[in-house]
Amino acid sequence: MDLSFDLVTALDRMLAGAAPHAGLVEPGFTPEVRPADPVHGDFQANGVLAYAKRHRQNPRALADTLVRQLGELTPLFDIAIAGPGFINFKLKPATLLAWLKAHATRDALAAGAAAAEHGHTVVVDYSSPNTAKQMHVGHLRSAVIGEAICRLLEFSGAKVIRDNHVGDWGTQFGKLLWAYKRHLDPAALARDPLEEFERLYKTGNHAAEADPAVLKEAQQELVKLQAHDPENLALWKKINDTSLAAFQQIYDQLGIRFDAMLGESFYNDRVDQIYRELMACGLAGESQGALVVFHPEHPRFKTQPFIIRKSDGAANYATNDLATILYRAEHFHATDALYVVDKRQSDHFDQLFLTAGKWFEKTDRALPRLEHLDFGTVLGENGKPLQTRSGENIRLKDLLAEAVERSYRLVSEKNPELPDSDRRAIAQIVGVGSVQYADLSQNRSSDYVFAWDKMISLDGNTAAYLLYAVARIHSIFRKLGLPPGDAAPEAGAIPFETPAELALARKLTHFPDALDLAVQQLRPHFLCTYLYELAGEFSTFYNADKVALEDAPVRARRLILCNRTRLLLETGLQLLGLRLLTKM
RNA sequence: GGGGCGGUAGCUCAAUGGACAGAGCAUCGGUCUUCGAAACCGAGGGUUGCGGGUUCGAGCCCCGCCCGCCCCGCCA
């Protein structure tokens with residue numbers, strides 16, 4: 001057995017191959033190899049338990065027979081049978097060293113990881129704000145989680161297409177255009193256009209609510225826009241361009257760059273085909289003046305309609321999303337389409353995917369794997385959705401600015417001797433990274449409480465704690481005058497001996513397990529948990545064992561531990577979308 | 001009314017049907033003449049909402065109940 005990146009899979013294959021020689025055959029023995037609790041070893045195989053039960057055999061005796069067939073593994077692992085019949089595998093110190101030598105660079109890690117998603121073309125639909133409005137805290141999670149998922153999939157070998165499905169064709173434009181033509185403040189427009197658009201939208205909205213005549217006029221503006229009236233179309237374009245430029249400032253801070261920006265307007269002239277096809281294949285029918293799809297086999301959707309054309313004849317987001325699936329399948333040849341969208345829209349996606357599945361089947365098309373990657377709400381410390389004291393949505397640019405400002409104050413307090421420009425740069429990385437990491441480190445499906453003090457803190461599972469570990473490693477290499485990626489000082493290393501060395505080396509070799517879990521479930525928090533534990537093991541090691549010592553072979557092996565910890569922390573943080581630093 | 005998600009330590013959260021349910025915060029107590037103490041080490045703290053069931057094994061799966069949040073026809 002070679003020391004492959006993915007030791008779980010390698011062990012699993014070994015056991016499956018050895019099983020017939022131990023008499024484990026029908027019906028289908030599966031080794032069930034998985035990472036183990038460190039008190040038991042590195043990996044455990046649980047498969048003999050179920051097999052022994054099915055065949056009324058003694059599981060411990062069966063495990064023993066199987067282990068006897070694993071002679072090839074004994075130079076690499078300590079193998080033990082425990083409890084009712086678990087087989088435990090513990091990497092030997094020399095094996096740990098060999099694995100770490102074989103995975104010394106980012107390229108080596110990427111080469112190992114790339115098998116998992118090879119051959120997949122994944123469109124990821126995330127961020128997707130509405131134009132003419134500023135991005136607010138409600139847009140945070142989709143952007144942050146979506147970007148992390150893109151990076152995880154890319155690293156795992158997928159071709160990823162980042163698609164920002166912006167809401168650039170909504171009903172908001174009627175009211176906005178109405179107000180623009182009557183209440184525009186040119187000075188405000190010049191100063192901060194998006195602010196002014198937002199004010200105008202609110203003006204129009206209030207006016208329309210107060211006066212049905214205004215509502216009618218606003219609807220007329222929308223009709224004119226949709227009929228491609230030159231004046232309204234030019235205004236619409238200006239509003240969108242302004243919005244997208246403002247969005248990009250946020251995306252730049254979050255490290256996001258989209259491959260496609262195909263908003264609702266792009267699909268505007270593609271919806272007629274949807275109506276035609278869905279009616280032709282008998283899926284859609286008229287109900288209360290609207291065109292809808294029911295799913296008779298479904299307990300709820302047999303009565304809860306999926307509306308694809310409103311009674312006024314206009315398309316809505318359902319139509320749009322159907323057209324988008326078709327485009328992604330035909331144009332991007334997507335094997336997978338993922339939607340990073342608020343969990344409150346799960347009914348919509350259930351109906352969308354059901355409808356698309358039947359439609360594609362009836363029209364003999366290949367349906368990509370469609371998945372709604374839901375996420376919970378960002379709550380304030382009162383347990384309610386996070387808002388300003390006056391009940392407004394918190395703007396994302398203000399939220400990020402506050403994170404940077406708080407980090408600046410902290411860096412200045414902890415490290416006042418650094419030049420101000422350095423402290424500013426560090427605060428930018430720590431502040432934005434703290435917001436990203438707080439969002440990612442928790443299971444995306446749950447709501448989470450937004451708490452500044454915990455987020456920026458150096459204590460606990462935070463970005464600052466991880467970045468601090470990275471900075472300390474860089475500091476070691478600076479002090480020794482060694483470039484951090486250099487392999488030469490690692491030569492002559494002898495296998496690990498101290499408890500702290502062994503614990504850290506062991507943790508390092510489990511990076512693939514964490515990555516696999518995060519990618520398979522598309523939940524970045526598994527990677528966060530791992531990185532936090534890794535940083536913790538490093539801190540323990542750093543505290544217990546001195547690196548810069550005279551004994552060359554010991555120093556070499558400790559430098560390997562430092563360098564690999566740095567490599568994995570940096571790689572992991574980048575996969576999450578964070579930027580890196582070397583001092584803080 | 002129908003449905004979705006959740007309820008785990010005082011608080012915020014982890015835990016792929018596997019071994020004794022783990023972290024952080026907070027509390028209490030230790031560690032800087034030594035590579036960055038923004039750190040480390042240790043202690044206490046649990047009937048996993050309640051009741052049944054399936055399983056060699058359940059926080060996780062099934063059934064019932066209680067509580068909370070969210071969704072349920074033309075917003076997205």
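Keep in mind that the numbers below use all heavy atoms, side chains included, and drop hydrogens, waters and symmetry copies. Lettering of chains follows the sequences in order, A, B, ..., and the numbering in each one begins at 1.
- In this structure, A/His298 does not reach the B/G3 phosphate: none of its side-chain N or O atoms is under 4.0 Å from OP1 or OP2.
- Note: CG (A/Asp350) to C1' (B/G2) measures 15 Å, nearest angstrom.
- For residues 305-318 of chain A, the set of pairs meeting the side-chain hydrogen bond (donor to acceptor under 3.5 Å, both in side chains) definition, not counting sequence neighbours, comprises A/Asn316-A/Thr319.
- No donor-acceptor contact under 3.5 angstrom links the side chains of A/Ser346 and A/Asp374, judged on distance only.
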Using a cut-off of under 3.5 Å, enumerate the N/O to N/O pairs linking the protein to nucleotides 32-39 of chain B.
{"residue": "B/U34", "atom": "O2'", "partner": "A/Lys546", "partner atom": "NZ", "Å": "3.2"}
{"residue": "B/C35", "atom": "O4'", "partner": "A/Lys546", "partner atom": "NZ", "Å": "3.2"}
{"residue": "B/C35", "atom": "O2", "partner": "A/Val547", "partner atom": "N", "Å": "3.3"}
{"residue": "B/C35", "atom": "O2", "partner": "A/Ala548", "partner atom": "N", "Å": "3.0"}
{"residue": "B/C35", "atom": "N3", "partner": "A/Val547", "partner atom": "N", "Å": "2.9"}
{"residue": "B/C35", "atom": "N4", "partner": "A/Tyr542", "partner atom": "O", "Å": "2.4"}
{"residue": "B/C35", "atom": "N4", "partner": "A/Asp545", "partner atom": "O", "Å": "2.8"}
{"residue": "B/G36", "atom": "OP1", "partner": "A/Ser475", "partner atom": "OG", "Å": "2.9"}
{"residue": "B/G36", "atom": "OP2", "partner": "A/Lys479", "partner atom": "NZ", "Å": "3.3"}
{"residue": "B/G36", "atom": "O2'", "partner": "A/Tyr468", "partner atom": "OH", "Å": "3.0"}
{"residue": "B/G36", "atom": "N7", "partner": "A/Ser475", "partner atom": "OG", "Å": "2.9"}
{"residue": "B/G36", "atom": "O6", "partner": "A/Met584", "partner atom": "N", "Å": "3.4"}
{"residue": "B/G36", "atom": "N1", "partner": "A/Met584", "partner atom": "O", "Å": "2.9"}
{"residue": "B/G36", "atom": "N2", "partner": "A/Met584", "partner atom": "O", "Å": "3.3"}
{"residue": "B/A38", "atom": "N6", "partner": "A/Asn415", "partner atom": "ND2", "Å": "3.2"}
{"residue": "B/A38", "atom": "N6", "partner": "A/Met584", "partner atom": "O", "Å": "2.7"}
{"residue": "B/A39", "atom": "OP1", "partner": "A/Leu458", "partner atom": "O", "Å": "2.8"}
{"residue": "B/A39", "atom": "OP1", "partner": "A/Asp459", "partner atom": "OD1", "Å": "3.1"}
{"residue": "B/A39", "atom": "OP2", "partner": "A/Asp459", "partner atom": "OD1", "Å": "3.4"}
{"residue": "B/A39", "atom": "O2'", "partner": "A/Arg472", "partner atom": "NH1", "Å": "3.3"}
{"residue": "B/A39", "atom": "O2'", "partner": "A/Arg472", "partner atom": "NH2", "Å": "3.3"}

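- Taking atom CD on A/Glu533 and atom P on B/C13, their separation rounds to 19 Å, with Å as the unit.
- When each of A/Trp236, A/Tyr267, A/Phe266 is checked for a ring-ring contact (aromatic ring centres under 6.0 Å, His included) with A/Trp169, only A/Trp236 meets the rule.
- Summarising the geometry, the separation between CZ on A/Arg34 and C1' on B/G18 is reported as 6 Å, rounded to the nearest angstrom.
- Counting only residues at least two apart or on different chains, no salt bridge (charged side-chain N to carboxylate O under 4.0 Å, His left out) pair has a member in residues 462-475 of chain A.
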Show me the donor-acceptor pairs, under 3.5 Å and distance only, between side chains in residues 462-470 of chain A and residues at least two apart or in other chains.
{"residue": "A/Thr462", "atom": "OG1", "partner": "A/Ser457", "partner atom": "O", "Å": "2.8"}
{"residue": "A/Thr462", "atom": "OG1", "partner": "A/Tyr465", "partner atom": "N", "Å": "3.2"}

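- Side-chain contact check for A/Leu49 versus A/Phe86: some heavy-atom pair is nearer than 4.5 Å.
- Taking the C1' atoms as reference points, B/G18 lies 7 Å from B/G57, given to the whole Å.
- The separation between A/Asn443 atom CG and B/G6 atom C1' is 11 Å, rounded to whole Å.
- Looking at A/Lys343 and A/Asp447, a side-chain N of the basic residue comes within less than 4.0 Å of a carboxylate O on the acidic one, giving a salt bridge.
- A syn base is found at B/C32: its glycosidic angle is within 90° of 0.
- Under a 4.0 Å N-O distance rule, the pair A/Asp513/A/Arg34 does not qualify as a salt bridge.
- Between A/Asn88 atom CG and B/G18 atom C1' the separation is 11 Å, expressed in whole Å.
- OP1 or OP2 of B/A14 has at least one side-chain nitrogen or oxygen of A/Ser446 nearer than 4.0 Å.
- Look at CD on A/Gln44: it is 9 Å from P on B/G18, rounded to the nearest Å.
- Atom-to-atom, NE2 of A/His40 to C1' of B/G18 comes out at 10 Å; the value is rounded to the nearest Å.
- A/Pro299 comes within 4.0 angstrom of no nucleic acid atom, judged by non-hydrogen atoms across all strands.
- Annotation: B/C5 and B/G10 have their P atoms spaced 28 Å apart (nearest Å).
- Counting any heavy atom pair closer than 4.0 Å across all strands shown, A/Gln521 reaches sugar-phosphate atoms only and no base atom.
- The side chain of A/Tyr532 has B/G24 as its nearest neighbour among B/U16, B/G24, B/A15.
- A salt bridge links A/Asp439 with A/Arg141: the closest approach of a Lys/Arg side-chain nitrogen to an acidic carboxylate oxygen falls below 4.0 angstrom.
- Residue pairs satisfying the side-chain hydrogen bond (donor to acceptor under 3.5 Å, both in side chains) criterion with at least one member in residues 474-484 of chain A, sequence neighbours excluded, are listed as follows: A/His474-A/Glu570.
- Residue A/Ala82 is classed as a base contact, given a heavy-atom separation below 4.0 Å to a base.
- Using a 4.0 Å cut-off between charged side-chain N and carboxylate O, A/Arg558 and A/Glu490 make no salt bridge.
- For A/Thr9, the side chain to side chain contact (heavy atoms under 4.5 Å, CB included) criterion is met by A/Asp6, A/Arg13, not counting sequence neighbours.
- Scored by the side chain to side chain contact (heavy atoms under 4.5 Å, CB included) test, A/Asp12 finds A/Pro31, A/Val33 as partners (sequence neighbours excluded).
- Between the CG atom of A/Asp37 and the C1' atom of B/G22 there is a distance of 9 Å, rounded to whole Å.
- Between A/Gly536 and A/Thr529, the residue whose closest nucleotide on RNA chain B is further toward the 5' end is A/Thr529.
- Using a 4.0 Å heavy-atom criterion, one finds that A/Phe538 contacts no nucleic acid atom at all.
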Under 4.0 Å protein heavy-atom contacts per nucleotide of nucleotides 66-76 of chain B, with B for base, S for backbone only and - for none: ----SSSBBSB

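- Between A/His525 and A/Tyr530, the gap from one ring centroid to the other reaches at least 6.0 Å.
- Scanning RNA chain B for stems, defined as runs of 3 or more consecutive Watson-Crick or G-U wobble pairs whose donor-acceptor distances all fall under 3.5 Å, gives the following ranges: B:1-7 with B:66-72, B:10-13 with B:22-25, B:27-31 with B:39-43, B:49-53 with B:61-65.
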All N/O contacts under 3.5 Å from nucleotides 53-56 of chain B to the protein, with atom names and distances to one decimal?
{"residue": "B/C56", "atom": "OP1", "partner": "A/Lys53", "partner atom": "NZ", "Å": "3.0"}

I'd like a table of donor-acceptor pairs (distance under 3.5 Å, sequence neighbours excluded) in which one partner is a side-chain atom from residues 294-302 of chain A, with atom names and distances.
{"residue": "A/His295", "atom": "ND1", "partner": "A/Lys358", "partner atom": "NZ", "Å": "2.7"}
{"residue": "A/His295", "atom": "NE2", "partner": "A/Thr355", "partner atom": "OG1", "Å": "3.0"}
{"residue": "A/Glu297", "atom": "OE1", "partner": "A/Lys358", "partner atom": "NZ", "Å": "3.2"}
{"residue": "A/Glu297", "atom": "OE2", "partner": "A/Lys358", "partner atom": "NZ", "Å": "3.1"}
{"residue": "A/His298", "atom": "ND1", "partner": "A/Arg300", "partner atom": "N", "Å": "3.0"}
{"residue": "A/His298", "atom": "ND1", "partner": "A/Phe301", "partner atom": "N", "Å": "3.0"}
{"residue": "A/Arg300", "atom": "NH1", "partner": "A/Asp347", "partner atom": "OD1", "Å": "3.1"}
{"residue": "A/Arg300", "atom": "NH1", "partner": "A/Asp347", "partner atom": "OD2", "Å": "3.4"}

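- Both A/Ala535 and A/Phe526 lie close to RNA chain B; mapped to their nearest nucleotides by heavy-atom distance, the more 5′-ward contact belongs to A/Phe526.
- Counting only residues at least two apart or on different chains, the side-chain hydrogen bond (donor to acceptor under 3.5 Å, both in side chains) pairs with a member in residues 542-554 of chain A are A/Thr498-A/Asp545.
- Nucleic acid contact class of A/Asp513 (heavy atoms, under 4.0 Å, all strands): none.
- For the C1' atoms, the distance from B/A58 to B/A76 is 40 Å, rounded to whole Å.
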